[in-house]
Amino acid sequence: MSDALDTSVDLGGIRLRNPVLTASGTFGYGVELAPFLDLRRIGGFVAKSLTLEPRSGNPPPRIAETPSGMLNAISLENVGVEAFVRDKLPALPEGVTVIASVFETEIERYAEVCKRLTGVPRVAGIEVNASCPHVKSGGIEFGQQPQVLAELVRATRRATTLPLLVKLSPNVTDIAAMARVCEAEGANGISLINAVQALEVDIETRRPLLSNVLGGLSGPAIRPIALRMVWQAARAVQIPVCGIGGIASAEDAIKFLLCGATAVQVGTANYLNPAVAGEIADGIAAYASRHGFRRVADLRGALELPGR
Amino acid sequence: MSDALDTSVDLGGIRLRNPVLTASGTFGYGVELAPFLDLRRIGGFVAKSLTLEPRSGNPPPRIAETPSGMLNAISLENVGVEAFVRDKLPALPEGVTVIASVFETEIERYAEVCKRLTGVPRVAGIEVNASCPHVKSGGIEFGQQPQVLAELVRATRRATTLPLLVKLSPNVTDIAAMARVCEAEGANGISLINAVQALEVDIETRRPLLSNVLGGLSGPAIRPIALRMVWQAARAVQIPVCGIGGIASAEDAIKFLLCGATAVQVGTANYLNPAVAGEIADGIAAYASRHGFRRVADLRGALELPGR
Amino acid sequence: MVDRAAPHREAKPDAGADASAGGPRALRVDAEVIENRCEGGENLRLRLRVPGWPGFLPGQFVMLSPGARTSVERTDPLLPRPMAIFRSRPEQGGAEVEILYRRVGRGTRLLAETLPGQRLRVVGPLGRPFPTPAAGERAVLVAGGTGIASVYELAARSQNGGRVEVLLGARTGADLMAEADFAALDVSLRIATEDGSRGERGLVTALLERSLAEPGAARVYTCGPRAMMERVAILAAASGRACVVSLENHMACGFGVCLGCAAPLARGGFALVCRDGPAFEASEIAWGALP
Amino acid sequence: MVDRAAPHREAKPDAGADASAGGPRALRVDAEVIENRCEGGENLRLRLRVPGWPGFLPGQFVMLSPGARTSVERTDPLLPRPMAIFRSRPEQGGAEVEILYRRVGRGTRLLAETLPGQRLRVVGPLGRPFPTPAAGERAVLVAGGTGIASVYELAARSQNGGRVEVLLGARTGADLMAEADFAALDVSLRIATEDGSRGERGLVTALLERSLAEPGAARVYTCGPRAMMERVAILAAASGRACVVSLENHMACGFGVCLGCAAPLARGGFALVCRDGPAFEASEIAWGALP
Ligand SMILES: Cc1cc2nc3c(=O)[nH]c(=O)nc-3n(C[C@H](O)[C@H](O)[C@H](O)COP(=O)(O)OP(=O)(O)OC[C@H]3O[C@@H](n4cnc5c(N)ncnc54)[C@H](O)[C@@H]3O)c2cc1C
Ligand SMILES: Cc1cc2nc3c(=O)[nH]c(=O)nc-3n(C[C@H](O)[C@H](O)[C@H](O)COP(=O)(O)OP(=O)(O)OC[C@H]3O[C@@H](n4cnc5c(N)ncnc54)[C@H](O)[C@@H]3O)c2cc1C
Ligand SMILES: Cc1cc2nc3c(=O)[nH]c(=O)nc-3n(C[C@H](O)[C@H](O)[C@H](O)COP(=O)(O)O)c2cc1C
Ligand SMILES: Cc1cc2nc3c(=O)[nH]c(=O)nc-3n(C[C@H](O)[C@H](O)[C@H](O)COP(=O)(O)O)c2cc1C
Ligand code: FES
Ligand code: FES
């Protein structure tokens, strides 16, 4: 790439080498990908979401393939915040930016996990995953109700001094409204989208393909939906937006930047090609140079709308 | 297929030869497909949505390809209800079941179009397309607001004695709630899903691929989302549900029936294979026979949930 | 939207895939690839064995599945690709249909990787044909890029009638399609390339200006890049000659139901390129609003 | 989750793709198809030229892109398919890797249509290998269906150590994989088919019962249909022999990050088949909760 090019971006106070992160739940705790990718080639990664205690997840089958996508219903399975801090973080090479992700079943627990992560040297920021069933509201996701989302952001905001990103659920009527709630409650940025609630069945067994019945749809299939939501959210708020959903190439990632994202996260594509995030980072830089940008950050929102 | 098999279904008072319809906007006014498919092989078709006056649509580009899907932004282009009744219906061979579809910008106009269609011999029923921007609510879709949807269903219900289907927008937080609104206001059935709001851009021109910027995502990519919404809607209401979204094979169609749909509509797949709807109808019958069903109608809701 | 000269009668405006009524009835069939050869640059020649092919009229097209069909239906890429019918030769039980195409994107790249023996889905022939030149009328065919494929059959069928001039343009000689095929016809063929590597250096529209300077009744037919067609239309109008353009809008269905291929009309509203065209009177088109 | 005998040392429980630390390091590379031949029924043999192949240990697997890679990335089908490494032979700059697979669905059907010269993406070797039989210990390998491919290398590497018995089962003789390959090894090979068209009529577990009746230290290894493996585990336990099972759960990544391949454990919780397995002590698995 051109040496002149500055690839770094600032994601709500998190300084990133380049705008390419990997998405929570698709990159493990980092070390798993080390054989395939030098983790310093990318901006950083968002670790698998953490709960207060270690959790195990749904019984298999947990995944299923769909047209240009996949379904998953892993549930809350993770090693828990303590083991993450004690075992996972130290295993990472220096110079790798780590964003911790948090999910829980109650707001107080979300806040507690954020507290525990605050002050931990290797943690550059926290992403609050709002796409979890809220027990008290009968399983509706935190991110599906503006008031509940507001409470969640307020509580986690109070709980940490770290840069706070809120990851939005796509299963809503008005994504812009959800983005505004996060901004109003002091989030430093928003990440979207999480997987889209979906269902797949086997017509021979006449059963759902997942033990959990419903799952989350991810992969290229949802990219145009994610791009729309990122565009709507980015126009609704001033805080930075991290674009997620079906990104599998530099071209895909650039679309999100042009639509207003400051950075992107690569998810399902890591499964198909564990080195893809590095290739995407290189591709974005090449594009920026080719189009005469000095800073990759300037790609943000460079979309031209038809003069109508 | 086995002669014993009864393939007919009753979709809210509309008797169908078999459960396979084609979706509005993907089958024109029927005659266009005649060279490829004997229209009597399928249950019927839903005609392109009609407005009170003839309308022309958005400037090109109006369509774009996406992973396992496509975007469209045609807008309200159609010949208008009068020309439909005068020119289109008579051009159809006997024995073809036609459901008229209606969209408009105001509730009063929706109702007026329904009135004009009532009593027209060839019209077996009306499908109200609620996925249209409601001018008065600043472009939010009729189908995105429970109160507005309720008014729309009430008004169109009053306007016609024909079987009334309401076609729901997928761009909502709670599809079951929307289904209940339709049932409460006297709809005879619901159809879902319409295309999912999405965006696609060209990174070389740095412009949206559609002149309208936003478009509707359709095709196999959205099938698992549609299946989830159909399942949720079918559990929420007693009135029949017509499943739509990404159906391209008999297997796909059967999934919707198992999840509670009484009938299905084939949309985008018609573009790839203009005879596909007939093949799907045959495939469903073959499956029903192979699995020992006497009536295709019995496939409805035959999904078994894991005993948890 | 163009007056059709005999034998082809004017079609009902809305008959869709039957628009070319009197013309061959469209079919949907799997065709076997006989040959799929690179002809230099990004240009390829595809020969298909199409069972039950009903024949076609000049200017009509087919929709081709993007890439070879497999035992498994793959949904990416999803949409069929419109391709002009270059020519067809009847054979036992059907015909051999030839397509000339340029590798420009995902679908045509996959098409280029298709091997003899593999199958493609074909839907067609579709669209309304070119109006045939009136008796004694000079036909001036101006084509560039992939548009060259669209006008070959018109040239072939008109050659024995009146006088036919074919003016072909390309960026370079390597990009030029089908020169040998046109050379084999009884037409006056002239070529222009932007880099002068073949024929005259410059734009094909320069050749047209000279041709139009000659007296006598003439009708201009053009297919190619949008900018070229618009320029051709302007030149034809200036010389008082009728001009027929063949448009290449994006298409999802090809037979008039998706409304995706709308072309803006000068009188307002839109025509469907797949159903009302692809051939239009140049004066009908609102060029400014065409992407 | 199985004690690895030397030379392979126990891996850190969470090292993911490095689980087989001390074992070969996984790579991601495009491999060229050398041969992709049907071997009767739905069984095929795939030979790949894999640049930089680091070698592998018995029981490890690779993730293969579903169908040949093209110049265009196609996203349907999306996920790579896990396939056991049947064997590999070092060659200049890499190795020739052999896969035996069965055509059962979309991905393997596309794989079966892949031609020599085309490329597949390979990620691997992945997973933790079979524990090698202890000195003097009789190794009884019981495999059925596609599971046969998973145990070949273990048989090949153990043949010169202690005594190796290979018991293969299939529905019919035509479904039976790799018989000739096993026959060429210095192992005692017995076969059972359900229809008796090859070897004994009946289930492979009947062969196992007789083998277990013989005295002496023995360790049972099994891979195949879930029901078969469960039955093998029960028989081994009843005879007081250790039993190692190789599971075939659905996988998205193959290297421990998607958590999709969870296998329920008898002690509660789950293990990841791709990272902690595919080989497990049979007693570790909660068979009732395995799909
Ligand atoms: C009536 C008609 C006749 C044509 N005849 C020929 C021909 O004989 N030879 C030839 O090489 N090309 C022809 N074209 C253009 C050809 O259809 C496009 O080059 C081709 O669709 C590009 O597809 P792609 O998959 O390579 O590009 P992609 O970028 O993968 O295409 C993405 C989408 O955009 C559409 N698209 C992209 N470019 C064009 C274009 N220029 N025109 C229409 N749709 C486009 C594709 O169909 C697809 O739906 C014709 C087009 C039309 C409408
Ligand atoms: C560790 C391991 C080793 C394997 N080794 C072999 C081998 O050597 N030879 C062989 O023929 N098969 C092997 N399998 C099984 C093989 O992965 C499946 O047969 C194959 O994935 C089926 O894919 P498909 O595309 O044909 O079916 P599809 O129905 O298209 O598959 C749809 C999805 O389900 C998954 N899936 C379907 N069936 C299975 C299955 N039985 N196991 C795992 N995933 C499945 C696919 O991977 C895909 O994600 C192995 C599986 C595992 C986990
Ligand atoms: C198997 C799987 C597990 C996931 N786990 C998490 C998780 O723990 N926390 C989270 O915020 N998102 C999780 N996600 C969602 C992804 O981070 C991402 O938002 C989504 O998959 C869309 O991006 P993609 O299309 O690039 O995969 C998971 C996704 C997958 C496929
Ligand atoms: C080009 C196009 C035009 C459409 N026009 C209409 C319409 O006029 N009225 C309507 O109710 N739905 C319309 N739809 C939506 C379809 O009827 C269907 O609900 C949607 O495409 C999802 O189904 P599919 O994935 O099978 O295409 C249109 C869809 C497409 C692709
Ligand atoms: S391409 Fe569908 S209407 Fe013309
Ligand atoms: S396959 Fe992804 S964790 Fe095992």
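We name chains A, B, ... by the order of the sequence lines, and we start the count at 1 in each one.
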Answer key: most heavy-atom pairs under 4.5 Å with chain C among B/Ala248, B/Gly219, B/Ser68, B/Pro274 is B/Ser68

If you measure from [atom1] on [X] to [atom2] on [Y], what distance do you get to the nearest 0.5 Å?
| X | Y | atom1 | atom2 | result |
| --- | --- | --- | --- | --- |
| B/Met70 | C/Cys258 | CE | SG | 6.0 Å |
| B/Tyr271 | C/Phe255 | OH | CZ | 8.5 Å |
| C/Leu272 | B/Glu77 | CG | CD | 6.5 Å |
| C/Asp30 | B/Asn273 | CG | CG | 9.0 Å |
| C/Leu79 | B/Leu272 | CG | CG | 6.5 Å |
| B/Leu33 | C/Arg28 | CG | CZ | 11.5 Å |

Among residues 97-113 of chain C, those lying within the under-4.5 Å heavy-atom range of chain B are none

By residue number, those in residues 245-253 of chain C with heavy atoms under 4.5 Å from heavy atoms of chain B are C/His250, C/Met251, C/Ala252, C/Cys253

If one checks every heavy atom of B/Thr268 against chain C at 4.5 Å, the contacting part turns out to be side chain

Honestly, the part of B/Pro220 sitting under 4.5 Å from a heavy atom of chain C is side chain

(message) Tell me if a side-chain donor or acceptor on B/Glu65 pairs with a main-chain N or O of C/Leu78 at a distance below 3.5 Å.
(response) yes

Note to self: Set out, in order, the CA-CA distance, both residues' side-chain angles and the distance that settles side-chain contact (heavy atoms from CB on, under 4.5 Å) for C/Val257 and B/Tyr29, then state yes or no.
What the structure shows: CA-CA 8 Å; C/Val257 300; B/Tyr29 302 105; over 6 Å; no

Item to complete: Answer yes or no for B/Arg62 and C/Phe270: cation-pi contact, defined as NZ/CZ to six-membered ring centre under 6.0 Å and angle to ring axis within 45°.
Response: yes

Bottom line for C/Arg121: the part with an atom under 4.5 Å from chain B's heavy atoms is side chain

